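Here is the structure we will look at, set down as structure tokens.
Bear in mind the structure is a predicted one, so any value in this text is a computation, not a measurement. Only this structure's heavy atoms are used, side chains among them; waters, hydrogens and symmetry mates stay out.
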Amino acid sequence: MSKIEPTLAAPMAPSRIDFAAVLARQAERDARIAALRPANKERLFDGLTAAGITHVTVSFDGYGDSGQVESIAAYAGETEVAFPKTQIAYAVLTWDDPEVEMRALSLEDVVEQLAYDLLSDTHAGWENNDGAYGEFCFDASARSIHLEFNERFTSSELTTYVF
């Protein structure tokens, strides 16, 4: 009779990471970022109104683990207009610094950043697998942002028969 040696590696030691603490820190960070959004939106809508822009549309599309904003268009009434070179203050929280950083961004860049942030908040992973597409409307007069979101998915339907 021969002795058989085990082929499986010894189990790993238990993790020393406090996942509850990690999740609590992330929740606190998410709350701080969310608290910055109302003032950022107000500054954006003030800037759009001052520039005579009534609304902005943002089209996006993504699939296969890649997604992007396809177009951003500004309008004065029904007429498409160019974004002015105006810059506004935009508050952000960066990964490597717990303090709020104020950046000067163009109106168009703030629109794009807010669109990506709102997509991430409402439909994280929108660009994965079959992906999604849609459009935002930033309505300066109503001071609101509307999202039309279309999620793609593959479906299969099984039918079985016994004869």
Side-chain angles (χ1 to χ4, degrees), residues 17 19-157:
I17 298 171
F19 288 105
V22 170
L23 292 174
R25 282 193 304 273
Q26 185 61 45
E28 177 187 336
R29 178 179 171 72
D30 291 345
R32 291 185 66 209
I33 290 170
L36 298 175
R37 189 158 301 132
N40 282 334
K41 283 175 46 181
E42 288 301 313
R43 286 188 293 273
L44 172 63
F45 287 130
D46 289 346
L48 293 174
T49 301
I53 296 172
T54 57
H55 65 283
V56 176
T57 59
V58 178
S59 298
F60 62 91
D61 193 6
Y63 58 90
D65 301 337
S66 180
Q68 61 282 327
V69 165
E70 298 283 321
S71 67
I72 301 175
Y75 295 88
E78 297 301 315
T79 305
E80 187 170 352
V81 296
F83 277 95
K85 300 295 182 198
T86 307
Q87 291 194 332
I88 61 171
Y90 187 76
V92 295
L93 202 58
T94 60
W95 285 106
D96 58 348
D97 189 351
E99 298 302 316
V100 173
E101 178 182 321
M102 295 303 287
R103 296 180 179 169
L105 298 179
S106 69
L107 290 174
E108 186 174 12
D109 287 344
V110 172
V111 167
E112 182 175 20
Q113 186 62 56
L114 278 173
Y116 277 122
D117 289 348
L118 294 169
L119 270 176
S120 177
D121 288 353
T122 58
H123 297 282
W126 62 273
E127 73 283 6
N128 294 332
N129 302 320
D130 292 346
Y133 65 96
E135 185 174 87
F136 284 93
C137 180
F138 289 69
D139 185 335
S141 60
R143 300 180 82 81
S144 67
I145 303 170
H146 176 80
L147 169 61
E148 290 183 356
F149 184 85
N150 301 279
E151 186 172 7
R152 297 184 191 99
F153 58 92
T154 301
S155 176
S156 67
E157 193 171 310

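- At distances below 3.5 Å, at least one donor-acceptor pair connects side-chain atoms of Thr54 with backbone N or O atoms of Tyr75.
- Checking side-chain atoms of Asp130 against main-chain N and O of Thr154 turns up a donor-acceptor pair under 3.5 Å.
- Here the CD-CZ distance, from Glu99 to Arg32, works out to 6.5 Å after rounding to the nearest 0.5 Å.
- Remark: Arg43 CZ to Leu48 CG distance equals 13.0 Å, nearest 0.5 Å.
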Tell me, with the steps shown, if Asn40 and Arg37 meet side chain to side chain donor-acceptor pair (under 3.5 Å). CA-CA 5 Å; Asn40 282 334; Arg37 189 158 301 132; over 6 Å; no
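- His123 has its ring centre less than 6.0 Å from the ring centre of Phe149.
- A centroid separation of 6.0 Å or more is found between the aromatic rings of Tyr116 and Phe60.
- Between Val110 and Phe138, every side-chain heavy-atom pair lies at or beyond the 4.5 Å cut-off.
- Between Arg152 and Asp61, the closest heavy-atom pair is NH2-OD1, 2.7 Å.
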Under the side chain to side chain donor-acceptor pair (under 3.5 Å) criterion, do Asp139 and Ser144 qualify, and how do the steps go? CA-CA 5 Å; Asp139 185 335; Ser144 67; 4.9 Å; no
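- In this structure, Glu80 places its CD atom where more than 12 heavy-atom neighbours from other residues, nucleotides or ligands lie under 6.0 Å away.
- Side chain of Arg143 to backbone of Glu42: a donor-acceptor contact under 3.5 angstrom is found.
- Between the CD atom in Glu101 and the CG atom in Leu93 there is a gap of 9.5 Å [rounded to 0.5 Å].
- Note that the CD atom of Gln68 and the OG atom of Ser59 stand 11.5 Å from one another [nearest 0.5 Å].
- The line from CZ of Phe83 to CG of Leu107 is 7.0 Å long, rounded to the nearest 0.5 Å.
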